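Convention: sequence-line order gives letters A, B, ...; per-chain numbering from 1. Predicted, not measured: the structure shown is a model, and the values here were computed from it.
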Amino acid sequence: MSEGAKREKDERPAKEVRQGGQERRQFRAIKGTRDILPPDTALWNWFEATAREVIEAYNFAEIRTPIFEETELFARAVGVETDVVNKEMYSFEVYESDELVERRYMVANWPWNFDQYDFFRQQIAPRFVETLKIAVDKGQIVRDAANLRIYEEIKTAMADLMDTGVQYGKNAFDRFQSAARALLIGESITLRPEATASVCRAYIEHGMQTRPGDQKLYYVGPMFRRERPQKGRYRQFYQIGAEVLGTSDAPAIDAELIEMLTVLIGRCKIEKWTLLINSIGCPDTPERKGCRPKYVELLRAELRKPEIFSKLGPDSQRRVETNPLRVMDSKLPEEQPVIEKLPKISEHLCAECREHYEKLKSELALRKVPFTESPRLVRGLDYYMRTTFEITSPVLGAQNALCGGGRYDGLVEMLGGPKGIKGIGFALGEDRFVDAIVEAKKIDATRAVDVFVAWMGEKAYPEAVRLARVLRDAGRAVELPAREMKFGKAFERADKIGARYVLILGDDEIASKRLTIKTLASGEQKQMGESELLDYVRH
RNA sequence: GUGAGCGUAGCUCAGCUGGUAGAGCAUCGGUCUGUGGCACCGAGGGUCGUGGGUUCAAAUCCCAUCGCUCACCCCA
């Protein structure tokens, strides 16, 4: 046992002693989050570097957006999809008025009590309302429709409190209290669950439509979704994505984006993958009815037919009303024959969408990108249109999508941006890519230590420090032991950490002014001058 | 939100029908003050996920709880 460890043990307090009265406890990473440790981090870095290389080769430029945004941005981008917005985003309030927060806290926790009712209605409640009014004037509360309704409710409940004696006051008290609790003070902000909305927001905010040509932007970083974790699904996960924003919706853009992804997969030497493509038509616009809503109605009518409806499981039966498109990608084996016979959207596209889809396919063929048409590949959100695609890998488990994307021509305008800006993008899951790379076993990203400096003796140490610096300045990875080690120990350590060379510095080397360097793999050992050193330890 | 499986050393696991906690690997030290992989010797590291119950006695049986994993739901 090392001296350090021994000392640490002796000084460790007995189990009963709790330092500072705190419970002794194990901290662990929050559910759905994880540490990525060496040597895995080397592979992650390799992948990110490779992805940047490929994406930049297609002339995309990096954009970095904040990790949190106004909740409203994501809520609007996702639509009114209540589950996603309410349950699966990490949202929290950021207060600007401490005083209001304190008074709200008092109101919200005030117990219903006959004896104190008058004190509540004459002192506590009015102070809260007074502070609230000031905050509203200063714009310190969230000004969305729901919140303004709550504000009105507080005011009427306050009036009722004033009118009502203790006998009948319970109702007004309850309404006042629950409205106060529901009020959103300050800003509601959300950890980004995806980056497309942020990229569009930035595009709009900085007037990027005035830059020449289509904007081709990519991003790298963590996203947050509060879903139940499973294989390939984490609450903090990492995405790399790219968006093309501009006035063109040429199918060549879609095809190039997809081609780029297949190139990246090729670089990662992932062999088992399938590209699925589909067109999901277009949504309604003020000018004309889109072909998707028409198809959705047709599909729903079909699904409602008793002979079909009765063959669906409970989940799919529910989806007939909530989200009929989702019936298409049900996984239940017994539903498959029914789904096969349902009308396909590709057969119900309008002329423009059909032409776009046909061109996409010929563009992919031109680029020699193999694809599979999948009428079952759908998207839940309204602003998605036409091209959708996904690349799946069988090695990933139930969450088998490596990456996916699609066209969203209406989104920029929906977020308050200029009219006529089209968009398409993809996002890939780094966690899953890394899994697939590991599974394919073709990439080894670990970088060995180049040189281990084995030094012994007081005279050798300054030389060791100096030479380590020389090697490091030249870009070699060098391990210089902080404490003197016997040569035997030094070699053992060098071997264990995977060093390629050992630079031996002892009394002999100092005396002869020659360096001894040993190649660990071959056991070969050579003497040389310092001038030859750098050349010899190439990595 | 629902369901299933699993929790014993840093890791992989053993520990039968209750009787004082083990192996391999890893780590650290020694054999070894001029040479690593091998070998041998030794050491550290567990309130058997946590709490309760049954019992003279619980890692083992019962209950609860927490955690992990996978799948369903959802999937921007």
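Between A:Arg228 and B:rC70 there is no side-chain polar atom (N or O) within less than 4.0 angstrom of OP1 or OP2. Taking 4.0 angstrom as the limit, A:Gln230 places none of its side-chain polar atoms (N or O) nearer than this to OP1 or OP2 of B:rC70. The shortest distance between the side-chain N/O atoms of A:Lys518 and the OP1/OP2 oxygens of B:rG34 is not below 4.0 Å. When the side-chain nitrogen and oxygen atoms of A:Arg493 are compared with OP1 and OP2 of B:rC28, one or more of them lie within a distance under 4.0 Å.
A:Gly488 comes within 4.0 angstrom of the backbone, heavy atoms only, and of no base.
With hydrogens and angles ignored, a donor-acceptor pair closer than 3.5 Å exists between the side chain of A:Glu509 and the base of B:rG34. A donor-acceptor contact under 3.5 Å is not formed by the side chain of A:Arg225 with the base of B:rC74.
Among A:Glu335, A:Gln336, A:Arg376, the single residue meeting the side-chain hydrogen bond (donor to acceptor under 3.5 Å, both in side chains) criterion with A:Ser330 is A:Glu335.
Look at A:Arg386 and A:Asp249 and you find a salt bridge, because one of the NZ, NE, NH1 or NH2 atoms lies within 4.0 Å of a carboxylate O, short of that distance.
Taking the six-membered ring where the residue is Trp, the centroids of A:Phe433 and A:Phe47 are separated by under 6.0 Å.
Closest-nucleotide positions on RNA chain B for A:Asp507 and A:Gln399 were compared, and the one nearer the 5' end corresponds to A:Asp507.
Annotation for A:Phe68: atom CZ does not count as buried by contact number, only 12 or fewer foreign heavy atoms lying within 6.0 Å.
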